[in-house]
Number of protein chains: 2
Amino acid sequence: MIPDTRPSAEPLSKQRLRLWLRFLKAQSSIEAEIRRRLRDQYGSTLPRFDVMSALARFPDGLKMSEISGLLKVSNGNVTGIVDRLTQDGLALRVAVPGDRRAQLVRLTPAGQTAFAELAQAHEAWLDEMLGGLGPNELEALGALLDGVFDHLGEGGN
Amino acid sequence: MIPDTRPSAEPLSKQRLRLWLRFLKAQSSIEAEIRRRLRDQYGSTLPRFDVMSALARFPDGLKMSEISGLLKVSNGNVTGIVDRLTQDGLALRVAVPGDRRAQLVRLTPAGQTAFAELAQAHEAWLDEMLGGLGPNELEALGALLDGVFDHLGEGGN
DNA sequence: CACATCTATTTCAAGCATAAAATTTCTTAC
DNA sequence: GTAAGAAATTTTATGCTTGAAATAGATGTG
């Protein structure tokens, strides 16, 4: 097929803007549905899930600043979320031997159980909501996202 | 090229999950940069920009509930944002003749000027950040997003 | 050891977001 | 016209998020 190289009536910047708006709409409608289900079915939230997810990947515990670094959110933000997880008995803070400033946060056994259940539901929800994407579409979308990242200069992390 | 039709080692649900995480990462790093620039360069925010954008498209004004409907956010949310825009002299509430419950929100002239400037910067930023996407990529990405929407049953609006 | 500096975390003030309750006003059915 | 219900909006309580300031502890240099 011969690519259409005619200058479009609409400038490229407008096309990029419109694509961004569609991108945002897809993202936020999916995310809103996930938040709703976390709330209604599990009495939880996406920020809590994100923190638990990080903690689940590091059974030896994470320092507060490591959590905020992984999730790319502020320190003060993590303080509040971990406070609430701790109140609910899902996480706990343990002292770091050599450093009285820092603490390691870990999932409690109850937290591990709760997270396993949430993670399974989360994966199933996404599988359902992204069901329109088969293997080829997934690969194509992944490649396009790589293009975005390359240009943003954020390949790593 | 012969498509690889072998059953992948990784189940499709996991692939969808991983794609979603990359999708989220792209979206949130771009959005974070936009929020940062709105704040640092214009002393504004994305929610304010979204509301002003809706108001700019309807010069005759919008009722509070119309704004929240367009932006798909709660009523109480809009109350606060419009309050702050009004305090800053960018929007105003005018009475609706036949209905003392409702009010029309409009941009002030200052609000129109401010929005025009923000909108131009916003488009330029996206053009820069999505610069990795040429016409063909834009079209391909648009088509893939359509596939997602179709499956979500959210074609319209 | 003292002092400056750096690091880890929490606290604070402001704004954003929601769902649920409350208020005010309109409409409709009698 | 009055009472019941619906509609438009605000208020409230709670949680998430940020950047900046505060606190406490560690580290390094003289």
Side-chain angles (χ1 to χ4, degrees), chain A residues 24 28-29 31-52 54 61-88 90-105, chain B residues 24 28-29 31-52 54 61-88 90-105:
Chain A
L24 257 192
S28 57
S29 71
E31 186 172 308
E33 181 63 23
I34 290 174
R35 288 179 190 271
R36 193 166 6 222
R37 293 184 187 187
L38 280 175
R39 201 171 74 86
D40 296 346
Q41 298 179 27
Y42 295 97
S44 191
T45 67
L46 204 43
R48 276 168 158 83
F49 178 72
D50 289 340
V51 168
M52 292 174 82
L62 287 171
K63 293 195 292 183
M64 297 298 283
S65 51
E66 291 175 327
I67 299 174
S68 57
L70 282 168
L71 303 184
K72 299 194 201 310
V73 299
S74 65
N75 275 343
N77 188 359
V78 175
T79 296
I81 297 171
V82 169
D83 282 351
R84 285 180 286 271
L85 286 176
T86 301
Q87 278 172 14
D88 293 351
L90 302 175
L92 50 82
R93 291 171 160 99
V94 299
V96 174
D99 190 339
R100 275 180 303 174
R101 294 169 304 178
Q103 301 167 85
L104 284 179
V105 184
Chain B
L24 258 190
S28 58
S29 71
E31 186 172 307
E33 182 63 24
I34 290 174
R35 287 180 190 271
R36 193 167 359 208
R37 292 185 186 185
L38 280 175
R39 199 172 77 86
D40 295 347
Q41 298 180 25
Y42 295 97
S44 192
T45 68
L46 205 42
R48 274 168 156 87
F49 178 72
D50 289 339
V51 168
M52 293 175 81
L62 286 172
K63 292 195 293 184
M64 298 298 282
S65 51
E66 291 174 329
I67 299 174
S68 56
L70 283 167
L71 303 184
K72 299 194 200 309
V73 298
S74 66
N75 276 341
N77 189 358
V78 175
T79 295
I81 298 171
V82 169
D83 282 351
R84 285 180 286 270
L85 286 176
T86 300
Q87 279 172 13
D88 293 351
L90 301 176
L92 50 83
R93 289 170 160 100
V94 299
V96 174
D99 191 339
R100 276 180 302 174
R101 293 170 304 182
Q103 300 169 85
L104 283 177
V105 185

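Lettering of chains follows the sequences in order, A, B, ..., and the numbering in each one begins at 1.
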Chemist: Which distance, rounded to the nearest 0.5 Å, do you find between the CG of Leu46(A) and the CZ of Arg48(A)?
Modeler: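 With rounding to 0.5 Å, CG (Leu46(A)) is 11.5 Å from CZ (Arg48(A)).
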Chemist: Identify the heavy atoms of Leu62(A) and Ala54(A) that sit nearest to each other, and give their distance.
Modeler: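 Taking Leu62(A) first and Ala54(A) second, the nearest heavy atoms are CD1-O, 3.7 Å.
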Chemist: Between dG19(D) atom C1' and Arg37(B) atom CZ, what is the distance in whole Å?
Modeler: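 For the pair Arg37(B) CZ and dG19(D) C1', the rounded distance is 19 Å.
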Chemist: Rounded to the Å, how far apart are Met64(A) CE and dT11(C) C1'?
Modeler: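 Nearest whole value for this atom pair: 12 Å.
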Chemist: So, do Lys63(B) and Leu104(B) sit near enough that their side-chain heavy atoms are less than 4.5 Å apart?
Modeler: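 Touching, per the 4.5 Å side-chain cut-off.
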Chemist: Which value, rounded to the nearest 0.5 Å, describes the distance between Met52(B) atom CE and Ile81(B) atom CD1?
Modeler: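 Separation between the atoms: 12.0 Å.
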Chemist: Report yes if the side chains of Met64(B) and Asn75(B) come closer than 4.5 Å at any heavy-atom pair, otherwise no.
Modeler: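 No, side chains not in contact.
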Chemist: Just compare dT18(D), dT9(C), dT17(D) and give me whichever is closest to any side-chain atom of Ser74(A).
Modeler: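 It is dT18(D).
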Chemist: Can you list everything that forms a side chain to side chain donor-acceptor pair (under 3.5 Å) with Gln41(A)? Sequence neighbours excluded, please.
Modeler: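 None.
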Chemist: Does any residue of residues 76-83 of chain A have a heavy atom under 4.0 Å from DNA chain D, and if so, which ones, in number order?
Modeler: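 Within residues 76-83 of chain A, the residues near DNA chain D are Gly76(A), Asn77(A), Ile81(A).
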Chemist: In whole Å, what is the span from the CG atom of Leu85(B) to the P atom of dG15(C)?
Modeler: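 In whole Å, dG15(C) P and Leu85(B) CG are 12 Å from each other.
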Chemist: Between protein and nucleic acid, restricted to nucleotides 21-25 of chain C and to nitrogen or oxygen atoms under 3.5 Å apart, what atom pairs and distances do you find?
Modeler:
none

Chemist: For dT10(D), does either OP1 or OP2 sit under 4.0 Å from a side-chain N or O belonging to Arg93(B)?
Modeler: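 Yes.
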Chemist: Starting from P on dT17(D), measure out to CD on Glu31(B) and report it in whole angstrom.
Modeler: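 Atom-to-atom, Glu31(B) to dT17(D), this comes out as 12 Å.
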Chemist: Measuring from atom CG of Leu38(A) to atom CZ of Arg35(A), what distance do you get when rounded to the nearest 0.5 angstrom?
Modeler: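 If I round to the nearest 0.5 Å, the distance is 9.0 Å.
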Chemist: Less than 4.5 Å apart, any side-chain heavy atom of Leu24(A) and any of Glu31(B)?
Modeler: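 With C-beta onward as the side chain, the pair touches.
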Chemist: Which pairs, protein N/O on one side and nucleotides 3-5 of chain C N/O on the other, fall under 3.5 Å?
Modeler:
none

Chemist: The side chain of Arg84(A) is closest to which nucleotide in this list: dC16(C), dC16(D), dT10(D)?
Modeler: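 Shortest atom-to-atom distance from the side chain points to dC16(D).
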Chemist: Nearest 0.5 Å please: distance from the OG1 atom of Thr79(B) over to the CZ atom of Arg84(B).
Modeler: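 One gets 10.0 Å once the value is rounded to the nearest 0.5 Å.
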Chemist: Scan Arg39(A) against the nucleic acid and name what it touches under 4.0 Å (heavy atoms): base, sugar-phosphate only, or nothing.
Modeler: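 Sugar-phosphate contact only - Arg39(A) comes under 4.0 Å of backbone atoms but never of a base.
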Chemist: Give a yes/no on whether any side-chain N or O of Ser65(A) is located under 4.0 angstrom from OP1 or OP2 of dT9(C).
Modeler: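 For dT9(C), OP1 or OP2 has a side-chain N or O of Ser65(A) closer than 4.0 Å.
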Chemist: Checking contacts here: which listed nucleotide (dT17(D), dT9(D), dC16(C)) is nearest the side-chain heavy atoms of Arg48(B)?
Modeler: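 Selected nucleotide (nearest to the side chain): dC16(C).
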Chemist: Not counting sequence neighbours, which residues clear side chain to side chain donor-acceptor pair (under 3.5 Å) with Asp99(A)? List them please.
Modeler: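 For Asp99(A), the residues satisfying side chain to side chain donor-acceptor pair (under 3.5 Å) (neighbours in sequence not counted) are Arg101(A).
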Chemist: Find the distance between CG (Asp88(B)) and CG (Asp83(B)) and round it off to the nearest 0.5 Å.
Modeler: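 If we round to the nearest 0.5 Å, Asp88(B):CG and Asp83(B):CG are 11.0 Å apart.
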Chemist: Nearest whole angstrom, please: distance from the C1' of dT18(C) to the CG of Asp40(A).
Modeler: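 Interatomic distance, CG of Asp40(A) to C1' of dT18(C): 12 Å.
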Chemist: From CG of Leu71(B) over to C1' of dA17(C), roughly how many Å is that when rounded to an integer?
Modeler: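 Answer to the nearest Å: 13 Å.
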Chemist: Could you state the atom-to-atom distance from CG of Asn75(A) to P of dT23(D) in whole Å?
Modeler: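 Distance, rounded to whole Å: 17 Å.
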Chemist: Check side chain to side chain donor-acceptor pair (under 3.5 Å) between Arg37(B) and all other residues, then give those that pass, not counting sequence neighbours.
Modeler: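 Applying side chain to side chain donor-acceptor pair (under 3.5 Å) to Arg37(B) gives Glu33(B), Glu128(B).
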Chemist: Roughly, in whole Å, what's the span from CD in Glu66(A) to P in dT7(C)?
Modeler: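 Those two atoms, CD and P, are 15 Å apart.
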